[in-house]
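These notes are about the structure you will find just below.
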Amino acid sequence: MSLVAAILVGCGTTSTVPITGRKQTLLVSDGDVLSLSNQQYQQYMQSAKASTNATNTAMVKRVGQNLANAVVSYLNANGMGSEVSNYAWEFNLVQDSQVNAWCMPGGKIVVYEGLLPVTQNEASLAIVLGHEIAHAVAKHSAERLSNEYKNQYGTALLGAVIQGAGVSEGTQQLIALGQSLGGQLWTSGFSRKQESEADHMGLIFAAMAGYDPQVALTFWQRMAAQGNSSNSLFSDHPSDEKRIQDIQGWMPEALKYYKPKATTTTTKKTTKTIKVSSKKK
């Protein structure tokens, strides 16, 4: 099995996670992951009920797009412009009372209505969406899929490599694995290391987008008060105390990126209407 693992790692590609600089080995291509996630996303959206609250829907789309713009700018400015083509951003608010949100590879973000009473404001929503977008940017789903791929199909993949048929066989196994994992591949099941990394990156992305990262502390205090029974968001995360401690440690870094959004002051002008009466001579 150690030989199988060594061959699998050799067949993979090494990727560097933005912001954190962590190295990861991926055994699946961006194209395969995006194809698989898009299929499952379309299936989910066919059964989901879109929110009927126009104001909240607009807010989710606005905050999400601000974050997406910041991420794209960061990737382009840091020699990762080739990654931008992997994203077709989409932001949806759906009718669900769970305190939850998730982002599929490719930038398909879904927010449940039950989250908004806890976020309470756009900046806190940006903390959550930044975290979810970070999962996609860091390719956490591909990383998890690669690990499952290695564990469940190592022997079969080794045979495929030896027979020179690795691509087609590997793709079939990827599809089978993705189907067996189902929606959990995208919405839960990340390791605590990945969840902590998404906290870190999401805090930075929110700051880049012009949202005050310091609201993350009070937001997570509100989340902690929710209790696990009513909160399905980030269930595999480190403890609330550990998360808040980590966020405090990352805050000086996040504040370096934070530039508050400029506010436009509109001055109302009073227009006087003068009636002119004309008399016939």
Side-chain angles (χ1 to χ4, degrees), residues 15-24 26 30 33 37 60 63-64 66-68 70-72 74-75 78 80 83 86-87 89 91 98-112 115 118-119 123-148 181 183-209 211 213-217 219-220 222-224 231-251 253-254 257-258:
S15 177
T16 302
V17 179
I19 305 292
T20 68
R22 181 175 65 88
K23 302 294 183 181
Q24 57 185 179
L26 304 178
D30 291 334
V33 173
S37 66
V60 168
V63 174
N66 288 339
L67 285 159
V71 168
V72 168
Y74 175 82
L75 294 175
N78 288 272
M80 292 175 279
E83 297 290 327
N86 290 329
Y87 303 101
W89 303 100
F91 309 94
Q98 295 183 71
V99 183
N100 203 7
W102 45 267
C103 176
M104 283 189 173
K108 308 300 185 185
I109 293 94
V110 172
V111 176
Y112 295 170
L115 176 66
V118 186
T119 55
S124 294
L125 178 61
I127 296 297
V128 176
L129 295 188
H131 172 103
E132 294 303 332
I133 288 173
H135 277 309
V137 174
K139 301 184 179 181
H140 285 162
S141 291
E143 188 173 28
R144 183 189 175 211
L145 190 55
S146 296
N147 291 338
E148 295 285 347
L181 291 175
Q184 292 183 353
L185 180 63
W186 326 114
T187 61
S188 66
F190 294 114
S191 70
R192 288 194 173 185
K193 176 176 66 177
Q194 290 176 327
E195 294 289 3
S196 180
E197 187 169 60
D199 278 348
H200 183 182
M201 295 172 64
L203 191 70
I204 303 299
F205 289 156
M208 287 179 179
Y211 297 102
Q214 296 175 100
V215 304
L217 298 172
F219 165 71
W220 281 114
R222 292 196 297 274
M223 286 291 291
N231 170 28
S232 61
L233 182 63
F234 312 151
S235 58
D236 294 325
H237 263 242
S239 66
D240 296 313
E241 295 79 7
K242 180 66 165 59
R243 173 183 290 112
I244 291 174
Q245 181 182 2
D246 288 340
I247 289 174
Q248 288 173 331
W250 297 321
M251 194 60 65
E253 178 187 3
Y257 291 96
Y258 176 47

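When side chains are defined from C-beta on, K108 does not count as touching C103, because their heavy atoms never get closer than 4.5 Å. Residues M223 and V99 meet the side-chain proximity criterion, which asks for heavy atoms closer than 4.5 Å. Between H200 and D246 there is no side-chain heavy-atom pair separated by less than 4.5 Å. By the 4.5 Å heavy-atom criterion applied to side chains, K23 and V17 are not counted as neighbours. Side-chain contact between V63 and F91 is absent, with no heavy atoms from C-beta onward closer than 4.5 Å. The shortest side-chain heavy-atom distance between I133 and W89 falls under the 4.5 Å cut-off. Inter-residue side-chain proximity for P213 and M251 is flagged as met; some heavy-atom pair is nearer than 4.5 Å. For the pair Y258/M208, no side-chain contact is recorded, criterion being any heavy-atom separation below 4.5 Å from C-beta on.
Smallest separation of non-hydrogen atoms from V71 and V137: CG1-CG2, 3.8 Å. Across every non-hydrogen atom of A142 and L26, the tightest pair is C-CD2, 4.0 Å. For the residue pair P105 and A136, the shortest heavy atom distance occurs at CA-CB, 4.4 Å. Looking at every heavy atom in both residues, L67 comes nearest to F205 through CD2-O, 3.6 Å. When all heavy atoms of A138 and E197 are compared, the closest pair comes out as CB-OE1, 4.2 Å.
Relative ring orientation between W102 and Y112 is described as perpendicular, the plane-to-plane angle rising above 60° on a 0-90° scale split at 30° and 60°.
How far OG of S124 is from CZ of R222: 4.5 Å, rounded to the nearest 0.5 Å. Separating the CZ atom in R243 from the CG atom in D199 is a distance of 5.0 Å, to the nearest 0.5 Å. Between atom NE2 of residue H140 and atom NE2 of residue H135 there is a gap of 6.5 Å, rounded to the nearest 0.5 Å. Put simply, CE on M201 and OH on Y74 are 8.0 Å apart, with the number rounded to the nearest 0.5 Å. Separation of atoms CD1 (I19) and CD1 (I204) is listed at 6.0 Å; rounding is to 0.5 Å. Separation of atoms NZ (K242) and CD1 (I247) is listed at 10.5 Å; rounding is to 0.5 Å.
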I would like to know whether I109 and L129 meet side-chain contact (heavy atoms from CB on, under 4.5 Å); could you show each step before the answer? CA-CA 8 Å; I109 293 94; L129 295 188; 3.8 Å; yes
Start with the C-alpha gap between R22 and E143, add the side-chain angles, then the distance that decides, and say whether salt bridge (charged side-chain N to carboxylate O under 4.0 Å, His left out) holds. CA-CA 12 Å; R22 181 175 65 88; E143 188 173 28; 2.8 Å; yes
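Note on E83 versus K139: salt bridge recorded, some NZ/NE/NH1/NH2 to OD/OE distance being below 4.0 Å.
Annotation: side-chain hydrogen bond (donor to acceptor under 3.5 Å, both in side chains) contacts of N66 (sequence neighbours excluded): Y211. With sequence neighbours excluded, the residues satisfying side-chain contact (heavy atoms from CB on, under 4.5 Å) with Q248 are L217, I244.
Checked by atom type and distance alone, the side chain of S196 never pairs as donor or acceptor with a backbone atom of R192 at under 3.5 Å.
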